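We use all heavy atoms of the structure for the numbers below, so side chains are in, but hydrogens, waters and symmetry mates are not. No experiment lies behind these values; they were computed from the predicted model shown.
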Amino acid sequence: VVNAYGTRTETKEQVESLGARFVEAVTASADEGGYAQEVGADTQALQHAALAPFVAESDVIVTTAQIPGRQAPLLVTEEMLRSMRPGTVIVDMAAGTGGNVALSVPDEVVEVDGVTIHGPTNLASMFPADASRMYARNLLALLQRMRDKESGELTIDLDDEIVGECAVVADGQARHPRTVELLVGQR
């Protein structure tokens with residue numbers, strides 16, 4: 001049985017289309033890039049309450065929630081960890097930015113009451129051939145999207161939802177929101 005939780009509005013449909021059950025929990029909407037946003041203590045408490053029963057019954061949990069430039073949101077509290085059965089395995093892929101799981105440690109394996117928490121910070125480096133193939137496929141797909149079907153030349157359509165989001169600078173102007181934010185902070 002697979003349960004999944006996410007902040008993007010389309011996540012529910014995607015999860016259910018794969019036969020998994022979507023966990024309903026209060027959340028702030030994701031930002032334009034699909035990343036989680038920080039929430040207040042009240043909202044976080046409601047999230048924890050909604051997630052707790054699913055966490056307690058899970059055998060394997062993978063967390064990935066990150067907020068660019070900020071600490072990762074805590075999704076699995078220490079109390080939730082202690083409610084889990086021994087033998088449960090957690091992979092906290094946000095361990096390098098504070099972790100989604102209480103007590104996770106970057107690049108270490110920690111055991112808490114029989115629950116094993118992995119905190120990899122560079123999972124792709126553990127599988128370099130697979131990571132390289134995936135990167136190459138994604139890059140090829142991006143270049144094919146940018147290729148003009150008639151002339152075969154590469155074109156940069158800033159109105160394209162994917163190509164436009166990839167553009168950091170265009171016509172001498174920074175356009176990527178996080179880059180603009182960092183540049184403005186440097187002045």
Please name all residues satisfying side chain to side chain contact (heavy atoms under 4.5 Å, CB included) with [X], sequence neighbours left out, ordered by chain then number.
X      : answer
Ala170 : Leu158, Arg175
Ala94  : Gln66, Ala72, Asp92, Thr97, Asn100
Leu154 : Leu143, Met146, Arg147

Write out all pairs satisfying side chain to side chain donor-acceptor pair (under 3.5 Å) with one or both partners inside residues 136-145, taking only residues at least two apart or from two chains.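 As it turns out, the side chain to side chain donor-acceptor pair (under 3.5 Å) pairs with a partner in residues 136-145, which skip direct neighbours, are Arg145-Asp160.
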
In the hydrophobic clustering that connects Ile, Leu, Val, Met, Phe, Trp and Tyr at side-chain heavy-atom distances below 4.5 Å, which members other than Val168 occupy its cluster, ordered by chain and number?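 So far as hydrophobic clustering goes, Val168 is joined with Val169.
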
With sequence neighbours excluded, what pairs up with Glu111 under the salt bridge (Lys or Arg N to Asp or Glu O under 4.0 Å) test?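 Per chain and number, Glu111 pairs via salt bridge (Lys or Arg N to Asp or Glu O under 4.0 Å) with no residue.
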
Who passes salt bridge (Lys or Arg N to Asp or Glu O under 4.0 Å) against Glu24, sequence neighbours left out?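 Residues passing salt bridge (Lys or Arg N to Asp or Glu O under 4.0 Å) with Glu24: Lys12.
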
Flag the pair [X] / [Y] as yes when at least one side-chain heavy-atom distance between them is below 4.5 Å, and no otherwise.
X      : Y      : value
Arg8   : Gln14  : yes
Val39  : Pro73  : no
Val109 : Thr116 : yes

Side chains of residues 81-88: which donor-acceptor partners sit under 3.5 Å, not counting sequence neighbours?
| unit_1 | atom_1 | unit_2 | atom_2 | d |
| --- | --- | --- | --- | --- |
| Arg82 | NE | Glu78 | OE2 | 3.4 |
| Arg82 | NH1 | Asp113 | OD2 | 2.8 |
| Arg82 | NH2 | Glu78 | OE2 | 2.7 |
| Ser83 | OG | Met80 | O | 2.6 |
| Arg85 | NH2 | Glu57 | O | 2.9 |
| Arg85 | NH2 | Asp59 | OD1 | 2.6 |
| Thr88 | OG1 | Ser58 | O | 3.3 |
| Thr88 | OG1 | Arg85 | O | 2.7 |

Please name all residues satisfying side-chain hydrogen bond (donor to acceptor under 3.5 Å, both in side chains) with [X], sequence neighbours left out, ordered by chain then number.
X      : result
Glu181 : Arg178
Thr121 : Asp107
Thr179 : His176

Is [X] linked to [Y] within one hydrophobic cluster, defined over Ile, Leu, Val, Met, Phe, Trp and Tyr using a side-chain heavy-atom separation of less than 4.5 Å?
X      : Y      : answer
Ile61  : Val112 : yes
Leu103 : Val115 : yes
Val62  : Val89  : no
Val91  : Val76  : no

So which heavy atom on [X] is nearest to which on [Y], and how close?
X      : Y      : result
Gln71  : Gly98  : CG-CA, 4.0 Å
His48  : Leu74  : NE2-O, 2.8 Å
Ile117 : Ser104 : CG2-CB, 3.6 Å
Ala4   : Val15  : CB-CG2, 3.5 Å
Tyr5   : Ala25  : CE1-CB, 3.4 Å

Taking atom [atom1] of [X] as the centre, does the number of heavy atoms from other residues, nucleotides or ligands within less than 6.0 Å exceed 12?
X      : atom1 : answer
Asp148 : CG    : yes
Leu123 : CG    : yes
Glu10  : CD    : yes

Rounded distance (nearest 0.5 Å) linking atom CG of Leu51 with atom OG1 of Thr63: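 Going from CG on Leu51 over to OG1 on Thr63, the span is 11.0 Å.
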
Atom pairs and distances, donor-acceptor, side-chain atoms in residues 124-134, under 3.5 Å, two or more places apart:
| unit_1 | atom_1 | unit_2 | atom_2 | d |
| --- | --- | --- | --- | --- |
| Ser125 | OG | Asn122 | O | 2.7 |
| Asp130 | OD1 | Arg133 | NH2 | 2.8 |
| Ser132 | OG | Pro128 | O | 2.9 |

